[in-house]
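The first residue in the sequence is number 1, and the count goes up from there. All values derive from a computational prediction rather than experimental measurement.
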Amino acid sequence: VVHIHTCAEDITDLRRHQKFSQDVLDGYPAPVRIRDLAGRHLLTNPAFDRLHLLRPGESLGKTDAERLPLDVQRLYHAVDDQLATSGQPQVFEQTLADASGPRTHQVTQFLLHDEDQRPYATCAISTDVSDHQAAQGRLQRVLDASPMPVLITSAGRVVYANRRCTDLLDVRVGTTAAHLYADPAEQQRLEQQLAHEG
């Protein structure tokens with residue numbers, strides 16, 4: 001026996017949940033797109049539509065080939081292939097122009113799985129990193145011009161060494177930082193050399 005009241009409550013709850021999900025995506029400032037495994041757009045948010053110069057909901061049910069430029073299609077399809085092969089989230093950059101000029105976006109694309117852990121769609125979320133990259137470039141130019149040696153490490157690896165530092169220590173980005181200071185006597189010598197240069 002199916003109770004009509006229970007069914008109505010279930011439908012109301014489902015609609016409320018869908019509305020909640022859509023409200024979150026609509027308010028999210030980063031572009032978001034969900035496609036089924038055949039490449040049809042199931043959902044886009046307003047930020048995605050604006051980025052790709054689409055009317056709201058214009059791409060729903062459509063494939064990239066029907067709505068996006070060829071270079072964007074090629075990039076997305078290459079990432080789709082990597083995603084299908086590895087099953088792991090893919091992070092890539094793309095440059096798209098808006099009213100202010102070219103903007104660089106870091107895109108994370110990943111699979112969505114059903115309750116049986118079978119993939120049924122892909123989700124892509126873009127973050128505009130143009131200002132961050134420009135700030136990094138300005139900082140690097142300042143540090144490169146410094147007469148002082150500058151060495152920056154993170155998680156035991158060298159992530160930045162300015163020209164003065166590379167000339168002095170012959171260190172490269174990506175080098176394990178620990179090897180620079182493995183020998184206590186060598187560490188002391190390097191510290192003295194850096195202090196003397198300062």
Q. How many angstroms lie between atom CE of Met148 and atom CG of Leu143, to the nearest 0.5 angstrom?
A. 11.5 Å
Q: For residues Cys165 and Val150, report the shortest heavy-atom separation together with the two atoms involved.
A: CB-O, 3.5 Å
Q | Residues forming a salt bridge (Lys or Arg N to Asp or Glu O under 4.0 Å) with Arg118, sequence neighbours excluded | A | Asp114, Asp116
**Q.** Same apolar cluster: Leu68 and Leu75, side chain cutoff 4.5 Å
**A.** yes
Q | Test ring-ring contact (aromatic ring centres under 6.0 Å, His included) applied to His52 - qualifying residues, sequence neighbours left out | A | Phe48
Q) What's the shortest heavy-atom distance between Val107 and Ala124, and which atoms? A) CG1-CB, 4.1 Å
Q | Sequence-distant partners of Asp36, salt bridge (Lys or Arg N to Asp or Glu O under 4.0 Å), two or more places apart | A | Arg40
**Q.** Check: Ala30 main-chain N/O paired with Asn45 side-chain donor or acceptor under 3.5 Å
**A.** yes
Q. So which heavy atom on Pro31 is nearest to which on Leu51, and how close?
A. CG-CD2, 3.8 Å
**Q.** Intermediate values then yes/no, side-chain contact (heavy atoms from CB on, under 4.5 Å), Arg33 and Asp64
**A.** CA-CA 11 Å; Arg33 176 210 60 195; Asp64 290 343; 4.0 Å; yes
Q.
Nearest 0.5 angstrom please: Asp49 CG to Glu58 CD, how far?
A. 8.0 Å
**Q.** Minimum-distance pair of heavy atoms, taken over all atoms of His105 and Ser126
**A.** ND1-CB, 4.2 Å
Q.
Please check this pair: side chain of Glu66 against backbone of Thr63, looking for a donor-acceptor N/O pair closer than 3.5 Å.
A. yes
Q. When Ile, Leu, Val, Met, Phe, Trp and Tyr are grouped by side-chain heavy atoms lying under 4.5 Å apart, directly or through other members, which residues fall in the same group as Ile125?
A. Leu25, Tyr28, Val32, Ile34, Leu42, Leu43, Phe110, Leu112, Tyr120
Q. Gln106 versus Val91: any side-chain heavy-atom pair under 4.5 Å?
A. yes
Q: Quick one: which residue pairs count as a ring pair (Phe, Tyr, Trp, His ring centres under 6.0 Å) with a foot in residues 124-159, not counting sequence neighbours?
A: none
(Q) Would you say Leu111 ends up clustered with Phe92 if hydrophobic residues are merged whenever their side chains have heavy atoms under 4.5 Å apart, either directly or through other cluster members? (A) no
Q) Gln94 versus Val72: any side-chain heavy-atom pair under 4.5 Å? A) yes
Going by atom type alone, with no hydrogens or angles, which donor-acceptor pairs under 3.5 Å involve a side-chain atom of residues 133-142 and a protein atom two or more places apart or on another chain?
| from | atom 1 | to | atom 2 | distance (Å) |
| --- | --- | --- | --- | --- |
| Gln133 | NE2 | Glu93 | OE1 | 3.4 |
| Gln133 | NE2 | Glu93 | OE2 | 2.9 |
| Arg141 | NH1 | Gly137 | O | 3.4 |

(Q) In the structure I gave you, are the side-chain heavy atoms of Gln109 and Asp80 within less than 4.5 Å of one another anywhere? (A) yes
Q. How long is the gap from NE2 on His41 to OG on Ser59, to the nearest 0.5 Å?
A. 5.0 Å
Q: Would you give the length of the straight line joining atom CD of Gln90 to atom OG1 of Thr85, rounded to the nearest 0.5 angstrom?
A: 8.5 Å
